[in-house]
Amino acid sequence: MSSRFPMSSSNVGKAKKNKALASFNDKVLKIVRRIPKGKLLTYGQVAAMAGSPRAARIVGGILFRLGPDSRLPWQRVVNAQGGISTFRVGSGERQTALLKAEGLRFNRAGRINLKLYQWVPSARLLKDFEVKDELAILLNFRPDW
DNA sequence: TCAGTGACTCCCC
DNA sequence: CGGGGAGCCACTG
């Protein structure tokens, strides 16, 4: 059976025989990989799903180290205001273009309407990541369960 | 091992 | 609505 979280990078080498605890890093990658085209998640939401509600900055750091050519849909993670946080590291234009190509629209302030494009993970996925109902509601995740 | 670091957030003004 | 400032905390070297 093993873990629900397929290994990836950093945790591979130190995975224990049965426990197979996924690191925060691996959970983040696993979550980001699941965000559908045309949908978004904020750094904070990803952090919360991965088990640390206040580790939004860490999520940014993890995605940063993936590099702009990563296969993961890193562009689908934005800040809590629906804005792009990657301009400072030189990927802002790239991220903006990728998102527009997926059909997302930006307002005058350069922000995306999260109410409209935020991804709502399925109840099944939230269960896999052990996201408590209370937290799910707090994150605006409202699967029709 | 441990102090820095920062693709974040929230709060205040 | 925008900018400044102070927490936050997993990861890195």
Side-chain angles (χ1 to χ4, degrees), chain A residues 2-122 125-143:
Chain A
S2 73
S3 170
R4 305 188 191 72
F5 309 114
M7 61 280 82
S8 81
S9 63
S10 72
N11 204 40
V12 178
K14 42 190 175 182
K16 299 303 179 185
K17 300 176 176 56
N18 302 312
K19 286 294 183 177
L21 294 183
S23 66
F24 178 78
N25 181 91
D26 290 339
K27 289 181 180 177
V28 166
L29 299 183
K30 173 64 178 173
I31 292 167
V32 173
R33 193 170 61 184
R34 294 297 218 89
I35 305 175
K37 178 182 178 184
K39 288 299 179 178
L40 306 170
L41 227 45
T42 67
Y43 294 97
Q45 291 173 322
V46 172
M49 273 188 80
S52 289
R54 285 162 292 184
R57 305 188 66 166
I58 313 311
V59 173
I62 291 171
L63 296 184
F64 169 65
R65 285 185 289 282
L66 286 178
D69 297 321
S70 171
R71 288 183 284 82
L72 277 81
W74 57 271
Q75 74 273 20
R76 297 173 191 157
V77 181
V78 300
N79 63 43
Q81 283 61 241
I84 303 302
S85 289
T86 60
F87 283 103
R88 48 175 310 192
V89 293
S91 299
E93 299 299 340
R94 174 86 176 283
Q95 182 171 17
T96 299
L98 288 172
L99 292 179
K100 285 184 177 177
E102 294 188 5
L104 282 72
R105 314 298 291 283
F106 292 75
N107 66 18
R108 302 178 201 182
R111 296 182 187 170
I112 298 170
N113 187 325
L114 290 177
K115 296 292 183 185
L116 198 57
Y117 298 108
Q118 178 188 115
W119 177 43
V120 176
S122 67
L125 188 60
L126 292 177
K127 185 171 190 286
D128 286 346
F129 279 88
E130 305 182 320
V131 177
K132 302 290 183 297
D133 288 5
E134 191 174 329
L135 176 60
I137 292 174
L138 190 64
L139 297 175
N140 295 314
F141 290 157
R142 301 186 172 186

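In what follows, chains are A, B, ... by sequence order, proteins preceding strands, each numbered from 1. What you see below is based on every heavy atom in this structure, not just the backbone, and it leaves out hydrogens, waters and symmetry mates.
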Checklist entry - Nearest 0.5 Å, what's the CD1-CZ distance between I84(A) and R111(A)? => result 11.5 Å
Next on the checklist: Nearest 0.5 Å, please: how far is CZ in R65(A) from OG in S70(A)?
Outcome noted: 13.0 Å
Checklist entry - More 5' along DNA chain B: Q81(A) or S91(A), using each one's nearest nucleotide? => result S91(A)
In whole angstrom, what separates [X]'s [atom1] from [N]'s [atom2]?
| X | N | atom1 | atom2 | answer |
| --- | --- | --- | --- | --- |
| R57(A) | dG5(C) | CZ | C1' | 12 Å |
| L63(A) | dT12(C) | CG | P | 13 Å |
| R54(A) | dA6(C) | CZ | P | 20 Å |
| F24(A) | dA10(C) | CZ | C1' | 7 Å |

Checklist entry - Just the endpoints, please: which first and last nucleotides of DNA chain B, 5' to 3', lie under 4.0 Å from a heavy atom of chain A? => result dG6(B) to dC10(B)
Checklist entry - So what does R108(A) hit on the nucleic acid, given a heavy-atom distance under 4.0 Å: a base, only sugar-phosphate, or nothing? => result nothing
Item to check | Nearest-neighbour nucleotide for the R111(A) side chain, dC11(C), dG2(C), dC9(C) considered | outcome: dG2(C)
Checklist outcome for this item: From the list L116(A), N113(A), V78(A), side-chain contact (heavy atoms from CB on, under 4.5 Å) with L40(A) holds only for V78(A)
Checklist entry - Should R94(A) and D69(A) count as an ion pair when the cut-off is N to O under 4.0 Å? => result yes
Checklist entry - Can you name the closest pair of heavy atoms from A50(A) and F24(A) and give their distance? => result CB-CE1, 3.5 Å
Next on the checklist: Quick check on F64(A): does its CZ atom have over 12 non-hydrogen neighbours (other residues, nucleotides or ligands) under 6.0 Å away?
Outcome noted: no
